Amino acid sequence: MKLFNKDITQTSTAALPADQQGPIRIKGLNHWFGSGEARKQALFDIDLTIERGSLVILMGASGSGKTTLLTLAGCLRDVQDGSVQLLGQELNGADENVLVACRRRLGFIFQAHNLHESLTAMQNVRMGLDVHGPQARKDWKAPASHLLNLVGLGDRLDYLPGNLSGGQKQRVAVARALVGNPDVVFADEPTAALDKESGHQVVSLLKRLGTERNTTTLMVTHDNKVLEMADRIITMEEGRIVKDELPHR
Ligand SMILES: Nc1ncnc2c1ncn2[C@@H]1O[C@H](COP(=O)(O)OP(=O)(O)OP(=O)(O)O)[C@@H](O)[C@H]1O
Ligand SMILES: [Mg+2]
């Protein structure tokens, strides 16, 4: 089965240069939080290139810098030092127009699903198209229900978040991240609130996107049960990448 119908594949606006050598290319990246006495380095000299279409898992203890790295690569935080190239664009010093164009091609799934409580599952998924053009927003119903079906919520389309379980809400957030047909998906513990089976379903969906659409996924997880699906597993420790390996299959 194809994941997307024609209408949504057209929503990806490819106004940015081609990214021949990997959609994420990071070199010499350092990052600090705080200022003065409280200034603390969170990332140290990160080098990382991620291949198109791959599913890369980021692991490491709490506080090791995973979310910081993800948000810098996903243009949600300003790059202070070093180079982050996303989809062929340098993010260090990039102006807001470039960042907006980049973000349009991304999907995000966060630890906290942050759904709008007053909107139904369908309407929440529609929010994923807000940064896209008017046509994508107009034709939102078919792709939104398609995605909700794919994550197993076909019978909950009109439910409000308050009437969904934690795992179901997380799956709505996954559908919202994917509805804009992103080139790169950044996911921060997307399976944390899910049972084994739905966690597996979500990660297999991301994996399938990689195969069928060449979508690249960078995902933080502590979930050992999904590691085997990764193309690559990167481990961080105290702000540094300490391991970069293939999964044991
Ligand atoms: N907004 C912030 N202000 C100050 N320090 C921060 C901020 N965000 C993160 N840090 C610090 O940077 C370091 C890395 O944090 P980060 O959130 O990237 O860790 P993480 O690996 O995602 O951890 P977790 O598994 O708990 O989510 C930590 O020492 C953290 O305290
Ligand atoms: Mg984190």
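Quantities reported herein were computed from a predicted structural model and do not represent experimental measurements. No hydrogens, no waters, no symmetry mates; every other heavy atom, side chains included, goes into these values. As the structure lists them, so they are numbered: ligands from 1, and atoms in each ligand from 1.
- At a threshold of 2.8 Å, the Mg ion (ligand 2) has a backbone or side-chain N, O or S atom of Thr67 nearer than that distance.
- No more than 12 heavy atoms of other residues, nucleotides or ligands sit less than 6.0 Å from atom CG of Asp78.
- Listed by chain and residue number, nothing satisfies the ring-ring contact (aromatic ring centres under 6.0 Å, His included) test with Phe44 (two or more places apart in sequence, or in another chain).
- Counting heavy atoms under 4.0 Å from ligand 1, residue Ala42 touches it through the side chain alone.
- In terms of polar-atom proximity, Lys40 is counted as a contact of ligand 1, with an N or O under 3.5 Å from an N or O of the ligand.
- Within 6.0 Å of CD on Gln41 lie more than 12 heavy atoms contributed by other residues, nucleotides or ligands.
- Selection from Gly63, Ser62, Ala61, Ser64 by nearest heavy atom to atom 13 (C) of ligand 1 gives Gly63.
- The shell of residues lying under 4.0 angstrom from ligand 1, judged by heavy atoms, excludes Gly60.
- Heavy atoms from other residues, nucleotides or ligands lying under 6.0 Å from CD of Gln80 number more than 12.
- Of the possible donor and acceptor atoms, one in the side chain of Lys66 sits under 3.5 Å from a partner among the backbone N and O of Gly60.
- The Thr68 neighbourhood of ligand 1 comprises atoms 14 (C), 15 (O), 16 (P), 18 (O), with distances under 4.0 Å to a heavy atom of that residue.
- A salt bridge is defined here as a Lys NZ or Arg NE, NH1 or NH2 lying under 4.0 Å from an Asp or Glu carboxylate O, and Asp244 with Arg232 meets this definition.
- Of the heavy atoms in Met236, none comes closer than 4.0 Å to ligand 1.
- Within ligand 1, the atoms closer than 4.0 Å to a non-hydrogen atom of His222 are 25 (O), numbered from 1 in the order shown.
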